[in-house]
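Data block below; observations after.
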Number of protein chains: 2
Amino acid sequence: MGTVSKALSLLSLFNHGRLEIGLSDITRLSGMNKATVYRLMSELQAQGFVEQIGNDRAYRLGPEVLRLAALREATVPLLSVSQDILRQLCESTGETAHMSIVQGRQLNTLTHAYSPQHGTRVTMEDAEILSFHGTGSGLAFLSYAKEEFVDEILSQPLAVHTSQTQTDPQKLRAALAQARVLGIAESIGGFEADVHSHAAPIFGPDQRPIGALAVAAPMSRMTAQLKSRIRRELKAAALDLTQRIGGFCPPDYPQDQAA
Amino acid sequence: MGTVSKALSLLSLFNHGRLEIGLSDITRLSGMNKATVYRLMSELQAQGFVEQIGNDRAYRLGPEVLRLAALREATVPLLSVSQDILRQLCESTGETAHMSIVQGRQLNTLTHAYSPQHGTRVTMEDAEILSFHGTGSGLAFLSYAKEEFVDEILSQPLAVHTSQTQTDPQKLRAALAQARVLGIAESIGGFEADVHSHAAPIFGPDQRPIGALAVAAPMSRMTAQLKSRIRRELKAAALDLTQRIGGFCPPDYPQDQAA
DNA sequence: AACCAACGGTTCAAATAATGAACCAACAAC
DNA sequence: GTTGTTGGTTCATTATTTGAACCGTTGGTT
């Protein structure tokens, strides 16, 4: 691994539970030498990717990432288009909708929208890390991912999030096969208890999945009627998103049949 | 300059006019060796900071920057809070409002809001690079920036954007002094002809300016009445933003006097 | 006060990674 | 065919990165 990759990998230590990290913590988390980490962080800081704050001198992400994100959006308007689509989607389903993309071996939620329709709703955070085997989004992605990627994910130890988390690789593969038939994956309480999520994959310009669009509802509200509405709306929304960011569905993705 | 800084500096070659860049162009623009650039870009690509697309294999910014930006927002909600404030600001003034921050030696617009009130309006793009001497935002920042920074900016050759661009360092310093009295800077047609912009600095936790909030209107609409309304609203909005991101105005910033 | 542990930051010889001129293969224009 | 692009690759030389040990502070314990 080159020096640049090492430096950038330090950035991925930040997450929602760790928005600020001290030098020693970074050293421990990364397994690198303290002097190395210090020098790398200093370079990242000089370029505005992180900044140091407070009297404990902890590092946090810097303002430069905002500029890059604005430019990325100008190139591929994934976020703004998604927000548009999510707004419609949560309105037409009355439930929480969110969009996630895969970066490396991680599935990250990028943006979400709530429906004001119900008092209870599934709550979300942006930049949250989801599991592949426990969420509708993860399964939707895997159902059209490369074989090797699926193998890699399913051969690792699979975390148990709730009492209903499915961790049997064979049963998960069966779920993927079924998702390929419908073009929609679902997870019933696999990540958070009482949450039933549906998801459809989003595809990039190379006809490979880049992430997923999902609708999450409390299990108590999941009637057959709502289920079919969600599937219908979700498929249309995912297709729309794929097209509006310049992507293409693979030829074997079920398009026309009603879900 | 370390290897990491070199790699990250390649990212700053991207801007609105250059969303996608080929290997040879990057080589030319950066002045580095082609093999070096190739290796650095490969590492950036492996980490998702850039991606290669099309049959010309040009590079563009990658999805990883979105995740980092979402986390930065979770740490310091600059964007979301700004958008809130900009919406109010353009509503109360009836003109285009925008927010820019300084990153290195660059002033970048991060987000903006239009008022639906008038048919004609000043149009903006996010992630646009503004000049310090030609815009209200730039002057607002400089008026509270460190002496050395002001010297550095004003000692460089100053671009002429319009026939009304002020490029005399002495007159610009006078404008900064006046901005310090009001807490508001302005530029009349200095960046784009026919645009009159007002701006107020935004401060960080260390009482140093980090950027500016601005309102831009067509010169034809700029009556004394609108001017005083803009100044009043702008100062309140900038103060609000500063406080809501955990910043502090320096003691010498004029707070209470009406503008 | 004395002690200890943990913190951020620094040093420098040794080890490792970055560098760049030259090179390919592929494509396009002439 | 020639010439000039392009993206990508090679490898001996060179310069940078590395990490154990160090320093000065801070904050808690005894």
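Quick note: numbers below take in every heavy atom, side chains included, and nothing from hydrogens, waters or symmetry partners. In the text below, chain A, chain B and the rest are named by the order of the sequence lines, each starting its count at 1.
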Original post:
A:Glu20 CD to C:dG8 P: how many Å, rounded?
Top reply: 13 Å
Original post:
First and last nucleotide of DNA chain D in contact with chain B, 5' to 3', at under 4.0 Å to a heavy atom: what are they?
Top reply: D:dT6 to D:dT17
**OP:** Identify, between A:Gly2 and A:Gln52, the residue whose nearest nucleotide on DNA chain C lies closer to the 5' end.
**Re:** A:Gln52
Original post:
Do the ring planes of B:His161 and B:His133 sit parallel (below 30°), tilted (30 to 60°) or perpendicular (above 60°)?
Top reply: parallel
**OP:** With DNA chain D as reference, determine whether A:Thr3 or B:Asp25 sits nearer its 5' end, using the nearest nucleotide of each.
**Re:** B:Asp25
Original post:
Would you call A:Asp240-A:Lys235 a salt bridge at under 4.0 Å N-O?
Top reply: no
Original post:
Please, which pairs that meet side chain to side chain donor-acceptor pair (under 3.5 Å) have at least one residue in residues 13-25 of chain B, sequence neighbours excluded?
Top reply: B:Asp25-B:Arg28
Original post:
Rounding to a whole Å, what distance do you find between B:Lys6:NZ and C:dA17:C1'?
Top reply: 12 Å
Original post:
To the nearest angstrom, how far is B:Leu40 atom CG from C:dT19 atom C1'?
Top reply: 10 Å
Original post:
Which base, if any, makes a Watson-Crick or G-U wobble pair with C:dA13, both distances under 3.5 Å?
Top reply: D:dT18
**OP:** Kindly state whether the ring of A:Phe203 and the ring of A:Phe248 have centres lying under 6.0 angstrom apart.
**Re:** no
**OP:** Give the B/S/- string for nucleotides 20-30 of chain C, one per nucleotide from 5' to 3', where a protein heavy atom under 4.0 Å of the base yields B, of only the sugar-phosphate yields S, and otherwise -.
**Re:** BB---------
Subject >> Salt bridge B:Glu51-A:Arg72, side-chain N to carboxylate O under 4.0 Å >> reply: yes
Original post:
Stepwise, does the salt bridge (Lys or Arg N to Asp or Glu O under 4.0 Å) test hold for A:Arg67 with B:Asp126?
Top reply: CA-CA 9 Å; A:Arg67 209 196 99 239; B:Asp126 291 340; over 6 Å; no
**OP:** Please step through salt bridge (Lys or Arg N to Asp or Glu O under 4.0 Å) for the pair B:Arg244 and B:Asp84, ending with a clear verdict.
**Re:** CA-CA 11 Å; B:Arg244 282 167 69 182; B:Asp84 232 55; 3.5 Å; yes
Original post:
Distance check: side-chain N/O of A:Arg57 vs OP1/OP2 of C:dC7, anything under 4.0 Å?
Top reply: no
Original post:
Distance only, no hydrogens: is a donor on one side chain within 3.5 Å (strictly under) of an acceptor on the other, for B:Ser80 and B:Glu73?
Top reply: yes
**OP:** Using whole Å, report how far OH of B:Tyr38 lies from C1' of C:dA17.
**Re:** 18 Å
Subject >> Nearest-nucleotide comparison on DNA chain C, the residue closer to the 5′ end among A:Val4 and A:Arg28 >> reply: A:Arg28
Original post:
Going by atom types alone, do B:Thr109 and B:Glu125 pair a side-chain donor with an acceptor below 3.5 Å?
Top reply: no
